[in-house]
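Heads up: numbering here begins at 1 and tracks the sequence.
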Amino acid sequence: MLGIFGGQDTVVSVGNVKEFEAALQTLHIENEIYIYPGVGHAFANPSNPKYAPKETKDAWEKTLAFLNRNLKFYKRVKVKVK
């Protein structure tokens, strides 16, 4: 399971993310949870006034790496994020 969250998200709080991560650990579900401090909800949406390009690029790279490691049928691709 991959989870990517903004540290200032008011829709899904950091506390909720930590509880979710703890539940995954308790259930022995492999997971990668990333929280980007200083960014809020939908930080990867370029139409969002609070779009965070640096964090978006890093999150996209983490997503591709996760898919490449975990999906055997997934074709490795490179996609540029503006």
Donor-acceptor pair, side chain of Asn48 and main chain of Gly40, under 3.5 angstrom: no

message: Holding to side chain to side chain contact (heavy atoms under 4.5 Å, CB included), I want the full list of residues that pass it with Ala65, two or more places apart in sequence or in another chain.
response: Arg69

task: Tell me, with the steps shown, if Leu2 and Thr63 meet side-chain contact (heavy atoms from CB on, under 4.5 Å).
output: CA-CA 8 Å; Leu2 174 65; Thr63 300; 3.8 Å; yes

field: Within residues 15-27 or reaching into it, pairs that qualify as side-chain hydrogen bond (donor to acceptor under 3.5 Å, both in side chains) - sequence neighbours excluded
entry: Ser13-Asn16

- prompt: Do Pro49 and Tyr51 come within less than 4.5 Å of each other through their side chains, counting heavy atoms only?
  reply: no

- prompt: Are Leu27 and Ile33 grouped together when hydrophobic residues (ILVMFWY) are joined by side-chain heavy atoms under 4.5 angstrom apart?
  reply: yes

query: NZ/Lys50 to CD/Gln8 distance, rounded to the nearest 0.5 angstrom?
result: 7.5 Å

- prompt: Side chains of Leu24 and Met1: closer than 4.5 Å at any heavy-atom pair?
  reply: yes

query: Do Phe43 and Ile4 touch side chain to side chain, with heavy atoms closer than 4.5 Å?
result: yes

Pairs satisfying ring pair (Phe, Tyr, Trp, His ring centres under 6.0 Å), at least one member in residues 4-35, at least two apart: none

task: Look only at the side chain of Asn68 and the backbone of Phe66, and say whether a donor-acceptor pair between them is shorter than 3.5 Å.
output: no

N/O donor-acceptor pair under 3.5 Å between Tyr36 side chain and Ala59 backbone: yes

- prompt: What are the two closest heavy atoms between Val39 and Ala52, and how far apart are they?
  reply: CG1-CB, 3.5 Å

task: Heavy atoms only: give me the nearest Asp9-Val11 pair and the separation to one decimal.
output: OD1-N, 2.6 Å

field: Lys/Arg N to Asp/Glu carboxylate O, Asp58 vs Lys62, below 4.0 Å
entry: yes

